[in-house]
There are 2 protein chains.
Amino acid sequence: MILNQATDYAFRAVLYLSLLQPGEIVEAKVIAENQHIPLRFLLKILRSLAKAGIVKSYQGVGGGYALGKIPADITLKDVLEAVEGSIRINKCLIDPDYCNKQATEHCPVHHVLASIQQTISQEFDKYNFEQLKEYMKQNLK
Amino acid sequence: MILNQATDYAFRAVLYLSLLQPGEIVEAKVIAENQHIPLRFLLKILRSLAKAGIVKSYQGVGGGYALGKIPADITLKDVLEAVEGSIRINKCLIDPDYCNKQATEHCPVHHVLASIQQTISQEFDKYNFEQLKEYMKQNLK
DNA sequence: CAAAAACTATACCAAAATAGTATTGTTTAA
DNA sequence: TTAAACAATACTATTTTGGTATAGTTTTTG
């Protein structure tokens, strides 16, 4: 019931990229140093983000990473799911075999957890990185 | 970002007790068999629930467990927190040392996660075991 | 009053997940 | 053609999870 460290790093890396000029490319090393994230671990995370289209990677000399979309089109949910896979709060919600009574259909716990999971999912989808940028600007004043 | 197995078992154990006559005592073994939960593991979980006042334990011959409150006064959040401790979705929300920039106050990620955490907390608090009982009855018809 | 049936407490343990590292390879600009 | 960047895969140490074991306490009942 907690986000993992990789997701936390991913949020901060995407926020960092969101604060650059649109299209601006920056090396992973710069992000790592600025955000205090272990470089090799960050590279791994960035690959997940690239696969999801959240960042775009550029190989070779002068390469690095830039956002793959505008900040307004990237939600916390997008980043979370790129790193951890889709949100699920209980195993029985994915695999009926985990339902210890094999009674998914009639199980009120299952039913209610599915509803909570949906709310949580929507909640993470409510916030995009344009909003986080705005919040950041206001707090610097 | 997932409930652990103990919490899942706890939900189902409390639901089981909720369906009994008010005040009815039943041995852990009966719950374990009915709900397919490893007995010793269940006993450990029941101790957590007892500490939180959710169930009441009776030692000695003829002992066992009963609910410590009426089902309407037990929410999913109560059970969840009794088993896993309070809901927290990111380490930086508890311990500022985990904030990799030591900047809790100015961090938009922190700010937004705190808000999401509160929503999640409220969501689990929205459902009590009287409601789950009702849902169950309706589904048996 | 002792024996058995129940829970309590603490400690232990194996397996899985997490967080990160290492190695080797590929791409691309200069 | 070399060096600077990312890519892919595999490995590893630590922590967490899920569960078990052992020894002890409480309470009923014959």
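Letters go in sequence order (proteins before strands), and every chain restarts at 1.
Between the CD1 atom of A/Ile2 and the P atom of D/dT15 there is a distance of 15 Å, given to the nearest Å. Distance CD (A/Glu27) to P (D/dA3): 17 Å, rounded to an integer number of Å. The nearest whole Å value for the distance from the CG atom in B/Asn4 to the C1' atom in C/dA15 is 15 Å. In this structure, NZ of A/Lys91 is placed 11 Å from P of D/dT17, rounded to the nearest angstrom. As rounded to whole Å, 18 Å separates atom P of D/dT26 from atom CD1 of B/Ile25.
Rounded to the nearest 0.5 angstrom, A/His36 NE2 and A/Arg12 CZ are separated by 12.0 Å.
Residue-to-nucleotide proximity on DNA chain C shows that, of B/Gly60 and A/Gln59, the 5′-proximal contact is made by B/Gly60. Taking for each of B/Val61 and B/Tyr65 the nucleotide of DNA chain C with the nearest heavy atom, the 5'-most of the two is the partner of B/Val61.
For the OP1/OP2 pair of D/dG19 and a distance below 4.0 Å, the side-chain nitrogens and oxygens of B/Tyr9 include at least one atom meeting the criterion.
Under the 30°/60° scheme for interplanar angles, the aromatic rings of B/Tyr9 and B/Phe41 are found to stand perpendicular.
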For a quick test of your reading: what N or O donor-acceptor pairs under 3.5 Å do the side chains of residues 63-74 of chain A make, sequence neighbours left out?
none

Counting only pairs under 3.5 Å, give me each side-chain donor-acceptor contact of residues 13-27 of chain B, with atom names and distances, residues two or more places apart or in other chains.
unit_1  : atom_1 : unit_2  : atom_2 : d
B/Ser18 : OG     : B/Val14 : O      : 2.8
B/Glu24 : OE1    : B/Gln21 : N      : 3.0

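Put simply, the side chain of A/Thr75 does not reach to within 4.5 Å of the side chain of A/Phe129, judged on heavy atoms.
Cluster membership check: A/Ile45 shares its hydrophobic cluster with A/Val30, using side-chain heavy-atom separations under 4.5 Å among Ile, Leu, Val, Met, Phe, Trp and Tyr.
Using a 4.0 Å cutoff on non-hydrogen atoms, the parts of residues 39-58 of chain B near DNA chain D are B/Arg40, B/Phe41, B/Lys44, ordered by number.
At a cut-off of 3.5 angstrom, the base of C/dT18 holds no donor-acceptor pair with the side chain of A/Gln5.
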